[in-house]
Chemist: 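Input: one structure, supplied below.
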There are 2 protein chains.
Amino acid sequence: MDTQFQKKSKPRKRNEASILSAAEDVFAELGFAGATTSLIARRAGIPKANLHYYFPTKQALYRAIINNIFTIWLQAAETFDDCDDPGEALSRYIRAKMDIARKHPLGSKIWAQEIMQGAPQIQDFLETTLKGWTLSRVKIIKRWIAEGKIASVDPAYLLYMIWATTQHYADFAHQINTLNGGQALSDKQYEEVTSNAVTIILRGIGVQVQE
Amino acid sequence: MDTQFQKKSKPRKRNEASILSAAEDVFAELGFAGATTSLIARRAGIPKANLHYYFPTKQALYRAIINNIFTIWLQAAETFDDCDDPGEALSRYIRAKMDIARKHPLGSKIWAQEIMQGAPQIQDFLETTLKGWTLSRVKIIKRWIAEGKIASVDPAYLLYMIWATTQHYADFAHQINTLNGGQALSDKQYEEVTSNAVTIILRGIGVQVQE
DNA sequence: GTCTATAGAATGATAGAC
DNA sequence: GTCTATCATTCTATAGAC
């Protein structure tokens, strides 16, 4: 029988989950090279040998986490509709990205470090999925410009600005918290930050925003 | 005699320079924990023991590089004048930050990783210099708002957006290059990116921009 | 599935000859 | 100042008893 369709045993499920959670933490903090399996195991509350029983190598564990991050990325990507109203489409996309930055800051940090290291594990994703998605959105934005719905800006650079601004709140949360009196942004503050970003970017490309 | 004022010998100068350059490279790529002194020494073209002769510990080497980054940071900070014209002041600041992102991408990456790791080495800088500078600029931006020169936006969030957008071009250069056909942005493209960022942000806060 | 013990390689750092 | 040789430690990963 193919074991692929067998149910995972209860301890396997529990252990894999706590290993993945601990690993996300450690990889985000120390990067792939800096992370150690013994630290991950300690944080997961299991002996190191058990970690290697579930994930044979550090790479395999890392790739499992990268896969989760892709899922989240796609989730946000889908909110950027081919919509007639650029204000609505972009506002929805920026809000989705801000939401992800708040809910999955570790994934964002791991992504950032991957890119900084030259994307050794995800280069194919950048060249296929990300590139394809970006080109299709560039097309939509160009149409908006041609239709006079938004100002004439370079579509790619607009996307970069959205990525930069939203991911900044995950990647640089520690700096922001320090400047916020050592406190994480409250839900209210985070909603303000989000509105602020939406307003500046939309107004910046010539879309009227109701305040 | 105090040796502090003795001239550095020629080989010391040369070796320190190539170690610092190689270390900047490796720390940017692998973070503090991931970087190894043997890799830094290899890239600097000297035996590992020599590296430890010039910089006793990995930490000492890292701190020397962090100091350089502070110098660069202050350089950009000074371009944000207390100016009557917010368009001029902000445009100059954004351009200075973009310039630094292009000229010192490694420093930007090291900074980013420091923050992501909870700023173990630079927390005091965040709490003193950075916080003080930010508060003083927040004050200036608030005055501009009170005088009706720019729209009512949260000053801190505006600064975060500027930091995010400009540093993104250093930290995520690899991703941007991949989407740019595997080529680094040309001087012309970089000037376009810069203008684009200035335009969107200024227009986003209600400042007229000449196109 | 779990865990002790450990192999084998790499790490930060140093001793000491030149 | 330079560099070989090396120490003590830590790393990834595994063997094998339970």
Side-chain angles (χ1 to χ4, degrees), chain A residues 1 3-66 110 113 117 120-121, chain B residues 1 3-4 6-66 110 113-114 117 120-121:
Chain A
M1 262 294 261
T3 58
Q4 228 179 331
F5 297 101
Q6 281 184 359
K7 254 197 185 159
K8 286 181 180 178
S9 73
K10 221 195 283 182
R12 171 174 285 273
K13 237 179 163 172
R14 176 168 37 82
N15 283 329
E16 280 185 0
S18 55
I19 291 168
L20 283 169
S21 166
E24 209 184 350
D25 229 82
V26 174
F27 283 131
E29 201 177 307
L30 300 171
F32 178 78
T36 68
T37 52
S38 74
L39 178 58
I40 295 170
R42 202 179 319 139
R43 293 232 187 134
I46 59 161
K48 190 175 57 165
N50 279 30
L51 182 150
H52 280 101
Y53 171 72
Y54 289 107
F55 299 91
T57 65
K58 185 162 93 160
Q59 272 235 13
L61 178 52
Y62 187 70
R63 293 206 75 107
I65 287 176
I66 290 286
I110 292 169
Q113 303 207 43
Q117 288 172 28
Q121 310 285 338
Chain B
M1 262 296 264
T3 58
Q4 227 180 333
Q6 282 185 359
K7 255 196 183 161
K8 286 181 180 177
S9 74
K10 220 193 283 182
R12 171 175 285 273
K13 237 178 162 172
R14 176 170 34 83
N15 284 328
E16 281 185 1
S18 54
I19 292 168
L20 284 169
S21 166
E24 208 184 352
D25 230 82
V26 174
F27 283 131
E29 202 176 306
L30 300 172
F32 178 79
T36 66
T37 52
S38 74
L39 178 58
I40 295 171
R42 202 180 318 138
R43 293 231 188 134
I46 57 162
K48 190 176 58 163
N50 279 31
L51 182 149
H52 283 283
Y53 170 72
Y54 288 107
F55 297 92
T57 65
K58 186 161 93 160
Q59 271 235 14
L61 178 52
Y62 187 69
R63 292 205 76 106
I65 287 175
I66 290 285
I110 293 170
Q113 302 207 43
E114 251 295 295
Q117 289 172 26
Q121 308 286 336

Chemist: What residues form a side chain to side chain donor-acceptor pair (under 3.5 Å) with A:Q113, not counting sequence neighbours?
Modeler: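 If we apply the side chain to side chain donor-acceptor pair (under 3.5 Å) test to A:Q113, skipping adjacent residues, there are no hits.
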Chemist: Using a 3.5 Å cut-off and no angle test, enumerate the donor-acceptor pairs between side-chain atoms of residues 22-39 of chain A and protein atoms at least two apart in sequence or in another chain.
Modeler:
{"from": "A:D25", "atom 1": "OD2", "to": "A:R43", "atom 2": "NH1", "distance (Å)": "3.3"}
{"from": "A:T36", "atom 1": "OG1", "to": "A:L39", "atom 2": "N", "distance (Å)": "3.1"}

Chemist: Looking only at side-chain atoms of B:P11, point me to the closest of C:dG12, D:dA13, D:dT2.
Modeler: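 For B:P11, the side-chain atoms sit closest to D:dT2.
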Chemist: Collect all protein-nucleotide pairs involving nucleotides 16-18 of chain D in which both atoms are nitrogen or oxygen and the distance is under 3.5 Å.
Modeler:
none

Chemist: Which residues, if any, of residues 45-55 of chain B bring a heavy atom under 4.0 Å of DNA chain D?
Modeler: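 Those residues whose heavy atoms fall under 4.0 Å from DNA chain D, taken from residues 45-55 of chain B in numerical order, are B:P47, B:A49, B:N50, B:Y53, B:Y54.
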Chemist: So which atom in A:A44 and which in A:S18 form the shortest heavy-atom distance, rounded to 0.1 Å?
Modeler: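 So the two residues come closest at CB-O, 3.6 Å.
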Chemist: Between atom NZ in B:K58 and atom P in D:dT10, what is the gap in whole Å?
Modeler: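 Those two atoms, NZ and P, are 13 Å apart.
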Chemist: For B:L61 and B:L20, what are the C-alpha separation, side-chain angles and deciding distance, and is it a side chain to side chain contact (heavy atoms under 4.5 Å, CB included)?
Modeler: CA-CA 7 Å; B:L61 178 52; B:L20 284 169; 3.9 Å; yes
Chemist: Give the residues of residues 32-40 of chain B touching DNA chain D, defined as any heavy atom closer than 4.0 Å, sorted by residue number.
Modeler: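 DNA chain D contact set from residues 32-40 of chain B: none.
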Chemist: Rounded to the nearest 0.5 Å, how far apart are CD1 of A:I19 and CD1 of A:I40?
Modeler: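 These two atoms lie 9.0 Å from each other.
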Chemist: Separation of B:Q59 atom CD from C:dT11 atom P, in whole Å?
Modeler: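 Rounding to the nearest Å, CD of B:Q59 and P of C:dT11 are 18 Å apart.
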Chemist: Give the rounded distance in Å between these two atoms: CZ of A:R42 and P of D:dT10.
Modeler: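 After rounding, the gap between these two atoms is 10 Å.
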Chemist: Taking only residues two or more places apart in sequence or in another chain, which ones pass side-chain contact (heavy atoms from CB on, under 4.5 Å) with A:T57?
Modeler: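 A:T57 satisfies side-chain contact (heavy atoms from CB on, under 4.5 Å) with A:Q59, A:A60 only.
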Chemist: Could you check which residues of residues 22-31 of chain A get a heavy atom under 4.0 Å from DNA chain D? Sort them by number, please.
Modeler: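 Heavy-atom cutoff 4.0 Å gives no residues at all.
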Chemist: Can you sort out the partners of A:A49 under side-chain contact (heavy atoms from CB on, under 4.5 Å), two or more places apart, ordered by chain and number?
Modeler: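 With sequence neighbours excluded, A:A49 shows a side-chain contact (heavy atoms from CB on, under 4.5 Å) to no residue whatsoever.
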Chemist: Show the nearest heavy-atom pair for residues B:I110 and B:I65, with the distance to one decimal.
Modeler: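 Looks like CD1-CG2, 3.8 Å.
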Chemist: So, using side chain to side chain donor-acceptor pair (under 3.5 Å) as the criterion, who are the partners of B:R12 when residues are at least two apart?
Modeler: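 Result, side chain to side chain donor-acceptor pair (under 3.5 Å) vs B:R12: B:E16.
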Chemist: So which pairs with a foot in residues 38-60 of chain A pass ring pair (Phe, Tyr, Trp, His ring centres under 6.0 Å), sequence neighbours left out?
Modeler: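 As it turns out, there is no ring pair (Phe, Tyr, Trp, His ring centres under 6.0 Å) pair with a partner in residues 38-60 of chain A once direct neighbours are skipped.
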Chemist: Just to verify, what does B:Q121 make a side chain to side chain donor-acceptor pair (under 3.5 Å) with, not counting sequence neighbours?
Modeler: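 Scan of B:Q121 (side chain to side chain donor-acceptor pair (under 3.5 Å), adjacent residues dropped) gives B:R63.
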